[in-house]
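Remember, it's 1-based here, ligands and their atoms both numbered in the order they're listed. Because only heavy atoms are used, hydrogens play no part in the values below, and waters and symmetry mates are left out as well, while side chains stay in.
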Amino acid sequence: MNKWTNLLFIPAVLLASCAGEKKEDNSAVQAAAQRYLDQYSQEYQALYYASAEGQWTLNTRIVEGDTTASAAAARADEAYAAFTGSSANIDSCRKYLAMKDKLLPLQVRQLEAMLFMAGNNPASAGEVVKERIDATNHQTELLYGYHYMLHGKEVSTNDIDNLLRDEKNISRRLDAWNASKEVGTTLKDGLAELQRLRNASVTPLGYDDFFAYQVSEYGMTSQEMMELTHQLIRDVWPLYRELHTWARYELAARYNEPVPDYLPAHWLPNRWGQDWTAMVSVEGLDIDPALKEKGAEWVMEQGEAFWVSMGFPELPQTFWDKSSLYPLPEDADYKKNNHASAWHMDLQDDVRSLMSVEANTEWWSTVLHELGHIYYYMSYSTPDVPMVLRGGANRGYHEAFGSMIGLASLQKPFLENLGLIEPGLQTNDTLLLLKEALDFIVHIPWGSGVMTEFEYELYANNLPADQYNAKWWELVKKYQGIVPPSERGAQYCDAATKTHINDDAAQYYDYSISNVLLFQFHDYIARNILHQDPHATNYWGSKETGEFLSGVMATGATVDWREHIRKSIGADMSAKPMVDYFGPLMEYLQRVNAGRTCTLPESI
Ligand code: X8Z
Ligand code: ZN
């Protein structure tokens with residue numbers, strides 16, 4: 001029972017306020033709306049759970065040639081879609097929203113969230129929704145059932161990532177990179193289907209296209225989102241340009257090659273060139289050897305211990321029992337989704353994570369990122385937050401706090417505290433800042449530029465399938481300054497090698513927004529709670545930080561995200577704290593890059 005039930009007992013009379021003016025009594029309509037919301041929530045939770053279970057099996061146990069899991073997932077997804085998009089629910093939401101002035105703000109917020117969910121599954125779209133569900137699940141099976149082959153041997157994506165991180169031989173790097181892109185060709189037709197079906201699913205309720213639909217969850221138009229993301233690119237561009245120049249010269253020297261104008265994709269330590277942190281090893285701060293010694297289980301346990309040290313509860317036992325946290329054994333006769341994710345199965349206590357954790361720095365950060373989602377779920381699973389509002393203040397918030405903890409977890413005082421580095425060690429702080437920029441700054445042109453513009457073209461401008469690859473590389477060159485190792489023809493679909501293009505469509509700007517938010521929150525916590533330099537913090541054991549964070553997360557999506565940031569840290573969303581954080585790096589890079597040619601334009 002939730003806190004609104006007592007409204008049923010307020011008599012339906014006009015109440016007089018103290019000032020004497022007549023105030024309309026809306027209790028009857030509020031009570032009726034509440035009855036509807038309560039009933040919806042109950043059914044919604046059950047259908048959501050069933051759909052999540054179907055997806056969980058589909059993503060954790062992919063057996064070649066066996067369609068049982070996708071058929072079961074489809075049934076549950078269809079039931080969920082039929083309910084959230086039913087004409088009866090759409091009519092009821094609209095009916096109540098037409099009298100929203102009479103309703104409580106929290107009721108209006110729920111109805112808007114419900115109408116948003118209906119937008120993806122409207123009954124009026126007919127067979128399209130079912131076709132989209134099938135196409136989505138099929139795409140998942142193709143992507144995660146894929147056999148990556150290298151030199152005639154099957155390899156995992158962890159193997160490929162490890163090669164791209166460590167391999168010095170350029171031709172072996174090229175082989176690994178090529179191996180990572182083959183999967184795209186098998187996904188191209190499916191993406192074209194999804195492009196059509198996603199757009200056709202959302203237009204009946206009045207959205208222009210699937211991109212506009214996803215953006216609308218922020219209360220923004222596509223144009224506003226494109227302007228916001230482009231502005232982020234402009235904000236970081238001078239620094240990105242210096243990083244790009246530095247990387248061209250650095251990698252050319254490493255591989256003993258001439259300095260290229262644009263970065264060849266296979267030179268970079270990441271399949272998409274989205275994270276270059278592995279290029280820098282700061283003497284004394286490299287925790288890979290220590291992690292390797294301790295093992296993947298330790299990484300998981302220590303991730304939890306970090307959150308617990310700030311006052312968050314221990315993870316429920318079901319998390320450990322039901323999650324899929326480590327790579328499958330080599331002889332497993334099935335496959336699983338190899339990208340990290342966090343699941344709120346029943347929108348209550350059943351929280352799980354799907355990962356393939358290995359004992360290295362990337363996975364250490366990823367574990368903390370995923371636990372950020374999990375602790376967000378746990379923070380708002382309270383009677384104060386209705387089922388349909390169990391989400392982040394916006395989607396970017398949901399991505400932010402785990403990454404923020406990941407950032408904090410690699411700073412020196414923290415590592416010292418955890419015994420991962422020698423206490424009192426002298427280190428090069430500029431190099432550490434450079435390493436952080438190779439993650440957070442490098443991510444912006446990729447996320448806000450390549451991914452966001454590609455998906456905008458895909459959905460808003462109906463990019464034809466024979467132009468997918470040309471558009472992809474046009475954007476990669478423009479925003480990241482990266483080029484493919486050789487011509488990539490239209491038979492390839494390199495965009496589709498990125499999981500989000502297939503299964504988290506038109507939402508990648510969330511990560512750019514999260515980067516902006518996390519630096520704002522980190523700056524606030526460092527200065528106002530920890531009283532430490534934002535570049536050298538130690539969150540470990542800070543109950544005050546935990547209390548602050550759980551307060552920010554506990555309201556879920558019951559709040560307006562713009563008001564929420566103002567109330568939490570006294571500022572509007574702004575990239576300034578992120579840009580300021582890296583300020584000292586600019587001078588260093590300009591010195592190192594003196595006499596080198598920059599090939600990226602001065603402005604974008
Ligand atoms: O996809 C993710 C998370 C999902 S919960 C692991 N991230 C983006 C990516 O990998 O591309 C986190 C940072 C960017
Ligand atoms: Zn995430």
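- The aromatic ring centres of Tyr508 and Tyr511 sit less than 6.0 Å apart.
- Looking at Glu154 and Lys335, a side-chain N of the basic residue comes within less than 4.0 Å of a carboxylate O on the acidic one, giving a salt bridge.
- Judged by the 6.0 Å distance and 45° axis criteria, Arg352 is positioned over the aromatic ring of Trp56.
- In Glu399, the N, O or S atom that comes nearest to the Zn ion (ligand 2) is OE1.
- Judged by a 6.0 Å distance limit and a 45° cone about the ring axis, Arg390 is not positioned over the six-membered ring of Tyr380.
- Of all non-hydrogen atoms in Leu389 and Ala113, the two that sit nearest each other are CD2-CB, 3.8 Å.
- Taking backbone and side chain together, His373 holds an N, O or S atom under 2.8 Å from the Zn ion (ligand 2).
- In this structure a side-chain-to-backbone donor-acceptor pair under 3.5 Å is present from Arg173 to Leu268.
- Near ligand 1, residues Gln274, His339, Ala340, His369, Glu370, His373, His443, Lys498, His500, Tyr508, Tyr511 each place a heavy atom inside the 4.0 Å sphere around the ligand atoms.
- In this structure a side-chain-to-backbone donor-acceptor pair under 3.5 Å is present from Lys435 to Val280.
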